[in-house]
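Below is one structure, written out as structure tokens; comments come after it.
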Amino acid sequence: CTHINVCGRYAMPGRNECILHLRSRFKPSFHLALLVHLLRTSNCEYIVFPTDVHFNGMQFGDPVRFAFSEFLGAADFRKVRFGDKAVFSDVRFHGQADFSGAAFSGEADFFDADFRDGCSFDDSEFIGPASFHAANYAEAASFSGAQFRRDANFEFARFDAGHNLE
């Protein structure tokens, strides 16, 4: 796989990517492969999530990295606890991204993230610094009730539709 340093997997026959990194909506054993991967590491860089994914209620103690990943369906991160740095830089969310009630204990990095179908960070807590620098919000973005305990950077963020930053 071109990202073997992240996944530790070999490419699928006739491909350059493994099942985690293949850009396709049809990946029948993807969720099992993802579960096995998450038991080993919290590095999810460059992974293409083909359908809706549900991380709701999970706890990540180590730094978690979703940088350069792509979510083709909805991404459910409701009430997830990020114990250390959470990196979502350069991520593409094609479906709804829901981080409602999530807690970010360390740095939250959403630099240049692309939210194409709306997102919610309602009632989320950011204890460490949060960066949404150059993030793009094509649809409604809500941060209603979100608490930022340290700096929150929205410099160069683009809101194409409605947003709630209260």
[X]-[Y] side chain donor-acceptor pair, cut-off 3.5 Å:
| X | Y | value |
| --- | --- | --- |
| N43 | T41 | no |
| S120 | S142 | no |
| D122 | S144 | no |

Check for me, please, whether L34 and V6 land in the same ILVMFWY cluster - side-chain distances under 4.5 Å, paths through other members count.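 Result: no, two separate clusters.
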
Transitive ILVMFWY side-chain link I127 to F88, under 4.5 Å: no

Specify whether [X] and [Y] have parallel, tilted or perpendicular ring planes, treating 30° as the upper limit for parallel and 60° as the lower limit for perpendicular.
| X | Y | answer |
| --- | --- | --- |
| F143 | F132 | perpendicular |
| F77 | F99 | parallel |
| Y46 | F68 | parallel |
| H133 | F156 | perpendicular |

Pair E139 + R116, salt bridge at N-O below 4.0 Å: no

Test: E70 and R92 ion pair at under 4.0 Å: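 Looking at R92 together with E70, the answer is no, because their closest N to O distance does not fall below 4.0 Å.
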
H31 and T51 have their tightest heavy-atom pair at CE1-OG1, 3.2 Å

Spacing of C18 atom SG and H3 atom NE2 [to the nearest 0.5 Å]: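 One finds 8.5 Å between SG of C18 and NE2 of H3.
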
Distance check, rounded to the nearest 0.5 Å: R15 atom CZ versus H21 atom NE2? 15.0 Å

Any donor-acceptor pair under 3.5 Å linking the side chain of D52 with the backbone of A74? yes

So, do [X] and [Y] sit near enough that their side-chain heavy atoms are less than 4.5 Å apart?
| X | Y | result |
| --- | --- | --- |
| F104 | F148 | no |
| R9 | L20 | yes |
| I47 | H37 | yes |

